[in-house]
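Report on one structure; see the data block that follows.
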Amino acid sequence: MNPLLGAEKAVLGSVLLDPGQLSHLDWLAPDHFYRPVHQALFATLRKLRNDGHPALAEKTVPLSWVTDAVDEASLHVRGLTAVYAHTLISACPRSAHAPVYGRMVLEGAIHRSITEHAIRLHQAARADALQGEVEGALHYADVLTGVLTDLARRWGTEPRPVAPATPSAPVTAAPPVRADQAAEDERFLLAVLAERPRAMDEVVGWLRPGDFADPAHGQLYRCLGALHHRGEPIDRITLLWEAQRRGLLADGTLSSDQLTAICDGVGPGSAEWLGEQVIRSSVTRTAATSARAIRALAENEALAPGRRINHALHALGPLDEVRTRWQTANGRPAPTAPDPALSPNGPPPAQVHAALARSTPRPVAPPSARPGSAPTPAAARPPSRGHS
């Protein structure tokens, strides 16, 4: 049996056997289940609990708890029968282990959610690159950040960017979309800056060598920046000399012919406008690279969920940095990210105790303490173990 499918069945079987287990699964959401029939059934079980189903007050769970759950869930999904509900019950080894089974379901949801949203970010970045836009990629980057933050808190860890202890294999960047147009914009910008050195003031505050898709162009921009910073004259001779001093001619990064061709290609143009084209391309290219890195993290089965989430947040760091400079270039203030703890879709702070719940199975609560009577006071819970 697929382990994730077995965990989903065991969680539902636990709750069908003992409705009180729902009080230990507040951090688990219906959409964390993979199968739609399981999503519908878990949502229904929580609804019955919240509506005060009579089974909550019984010492022995009546058959109506199962039949009512099946009848209600069947209104929202096909294929659910009483026979399947009893199959779920038989798939549960011990109902008291529901929090542990729930941990497994949440871990599967973490893997699946990170993968799906990384794919969406990559697709949005590629589409934006084709259309000369950045809004789609930045939107899906924000969505991914919110998803990662919510998953971290449900898992019981503090969401924060954490670099891997051992550097992972570098992600090979895909060839930029519209590479010819990007290269042309870069060459034209460098030509304008070489011909009109004062134009460096228009871009030096927010454009970086790494924003150039062609590494040779980025190194040439670095040479221009160095001459500008030192206040030295800029022309094709001083630029060639600076490139030689940096070893760019010796290692083959640049050739004198390349530099001459760039300088000879100058025409009327705005350095600021051209710089915006370069950094726009950098935004979509960085978004695609971050998405590929996050997808690789999601596929690493050796990573614990908490580490996987925080490494993914770290992988979004380069995109956040280039986004900030893009907004500076366009005179737009950086948006203030909402506090995930205040999000109506996130788990209430009082219920964020996944680390506790997934660490130790809890004893079955007596009928008087089951949902519908009185919630378990927070002070009575054991301290969080803080697993990641």
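Values reported hereafter were calculated over all heavy atoms of this structure, with side chains retained and with hydrogens, waters and symmetry mates removed. Start at 1 with the first residue, then count along the sequence.
Closest of all the heavy-atom pairs between Ser23 and Gly20 is OG-O, 2.8 Å. Closest heavy-atom contact between Ala69 and Leu45: CB-CD2, 3.7 Å. Considering every non-hydrogen atom in both Gly269 and Val192, the closest pair reads O-CG1, 4.0 Å. Considering all non-hydrogen atoms of both residues, Gly225 and Met200 come closest at CA-CE, 3.7 Å. Residues Ala243 and Leu254 approach most closely at CB-CD1, 4.3 Å, considering heavy atoms. Nearest heavy-atom pair across Ala29 and Arg46 is CA-NH1, 3.7 Å.
Leu239 and Val204 fall within a single hydrophobic cluster, where Ile, Leu, Val, Met, Phe, Trp and Tyr side chains are chained together by heavy-atom contacts under 4.5 Å. Each of Leu316 and Val162 belongs to its own hydrophobic cluster when Ile, Leu, Val, Met, Phe, Trp and Tyr are linked at side-chain heavy-atom distances under 4.5 angstrom. Cluster annotation: Ile234 and Leu249 are assigned to the same hydrophobic cluster (Ile/Leu/Val/Met/Phe/Trp/Tyr, side-chain heavy-atom contacts under 4.5 Å, transitive). In the hydrophobic clustering of this structure, Ile89 groups with Val11; members are Ile, Leu, Val, Met, Phe, Trp, Tyr whose side-chain heavy atoms approach within less than 4.5 Å, directly or through other members. Residue Ile262 is not grouped with residue Trp241 when hydrophobic side chains (ILVMFWY) are merged at heavy-atom distances under 4.5 angstrom, including chains of intermediate members.
For Tyr34, the OH atom counts as loosely surrounded, since its 6.0 Å shell holds 12 or fewer non-hydrogen atoms of other residues, nucleotides or ligands. Atom CZ of Arg230 sits in a crowded spot, with more than 12 heavy atoms from other residues, nucleotides or ligands closer than 6.0 Å. Within a 6.0 Å sphere centred on CZ of Arg94, other residues, nucleotides and ligands contribute 12 heavy atoms or fewer.
Remark: side-chain polar atoms of His53 are not paired, donor with acceptor, to backbone N or O of Arg49 under 3.5 angstrom. A donor-acceptor distance shorter than 3.5 angstrom exists from the side chain of Ser74 to the backbone of Val70, with no hydrogens or angles considered. At least one donor-acceptor pair under 3.5 Å links the side chain of Thr324 to the backbone N or O of Asp320. The backbone N or O of Leu303 lies less than 3.5 Å from a partner atom in the side chain of Arg308, making a donor-acceptor pair. In this structure, the side chain of Gln258 engages the main chain of Ser255 through a donor-acceptor pair within 3.5 Å. Looking only at distances, a side-chain donor or acceptor of Tyr221 sits under 3.5 Å from a matching main-chain atom of Leu207. Judged purely by atom type and a 3.5 angstrom limit, Asn330 uses its side chain to pair as donor or acceptor with the backbone of Trp326. Remark: side-chain polar atoms of Gln39 are paired, donor with acceptor, to backbone N or O of Phe33 under 3.5 angstrom. Trp65 places a side-chain N or O within donor-acceptor distance of the main-chain N or O of Val15, the cut-off being under 3.5 Å. Judged by distance alone, with hydrogens and angles left aside, the side-chain atoms of Arg126 form no donor-acceptor pair with the main-chain N or O of Ala288 at under 3.5 Å.
At a threshold of 4.0 Å, the pair Arg325-Asp211 counts as salt-bridged, since one of the basic side-chain nitrogens sits closer than that to a carboxylate oxygen. Using a 4.0 Å cut-off between charged nitrogen and carboxylate oxygen, Asp31 and Arg112 do not count as a salt-bridge pair. Look at Glu158 and Arg160 and you find no salt bridge, because none of the NZ, NE, NH1 or NH2 atoms lies under 4.0 Å from a carboxylate O. Salt-bridge check for Glu242 with Arg245: passed, with a basic side-chain N closer than 4.0 Å to an acidic carboxylate O.
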Residue pair Leu193, Val203: steps toward the side-chain contact (heavy atoms from CB on, under 4.5 Å) verdict: CA-CA 10 Å; Leu193 295 177; Val203 299; 4.3 Å; yes
Worked verdict on Asp264 versus Arg236 for salt bridge (charged side-chain N to carboxylate O under 4.0 Å, His left out): CA-CA 9 Å; Asp264 287 345; Arg236 69 180 62 190; 2.7 Å; yes
Worked verdict on Thr67 versus Ser64 for side-chain contact (heavy atoms from CB on, under 4.5 Å): CA-CA 5 Å; Thr67 56; Ser64 62; 4.2 Å; yes
Check against side-chain contact (heavy atoms from CB on, under 4.5 Å), Thr149 and Arg153: CA-CA 6 Å; Thr149 300; Arg153 298 194 177 209; 3.9 Å; yes
Ser282/Phe212 under side-chain contact (heavy atoms from CB on, under 4.5 Å): CA gap, chis, key distance, verdict: CA-CA 7 Å; Ser282 179; Phe212 290 77; over 6 Å; no
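Side chains of His122 and Arg292 form a contact here, defined as non-hydrogen atoms less than 4.5 Å apart. Between Val61 and Glu58 there is no side-chain heavy-atom pair separated by less than 4.5 Å. Counting only heavy atoms from C-beta outward, the side chains of Leu4 and Glu8 approach each other to under 4.5 Å. Between Gln219 and Arg246 there is no side-chain heavy-atom pair separated by less than 4.5 Å. For the pair Glu116 and Val147, the minimum side-chain heavy-atom distance is 4.5 Å or more. The shortest distance between side-chain heavy atoms of His38 and Val105 does not fall below 4.5 Å. In this structure, the side chains of Asp128 and Val283 stay at 4.5 Å or more apart for every pair of heavy atoms. Considering only heavy atoms from C-beta on, Tyr101 stays 4.5 Å or farther from Ser95 through its side chain.
Looking at Asp251 and Thr253, their side chains do bring a donor and an acceptor atom within 3.5 Å of each other. Under 3.5 Å, the side chains of Arg280 and Gln277 contain a donor-acceptor pair of N or O atoms. Side-chain contact check for Asp18 and Gln21: at least one donor-acceptor pair (N or O, by modelled atom type) lies under 3.5 Å.
Atoms CD1 and CG, from Ile294 and Leu148 in turn, are 6.5 Å apart once rounded to the nearest 0.5 Å. For the atom pair CG (Asp185) and CZ (Phe188), the distance works out to 9.0 Å, reported to the nearest 0.5 Å. Between the CD atom in Glu72 and the CG atom in Leu48 there is a gap of 6.5 Å [rounded to 0.5 Å]. To the nearest 0.5 angstrom, His228 atom NE2 is 14.5 Å from Cys223 atom SG. Taking CG of Leu56 as the reference point, atom CG of Asp51 lies at 10.0 Å (rounded to 0.5 Å). Atom OG1 of residue Thr157 and atom CG of residue Leu151 lie 9.5 Å apart, to the nearest 0.5 angstrom.
Contacts classified as ring pair (Phe, Tyr, Trp, His ring centres under 6.0 Å) and involving residues 295-322 (residues at least two apart or in different chains) are not found.
Results of the side-chain hydrogen bond (donor to acceptor under 3.5 Å, both in side chains) test with Arg323 over Asp142, Thr328, Thr286 single out Asp142 as the only residue that passes.
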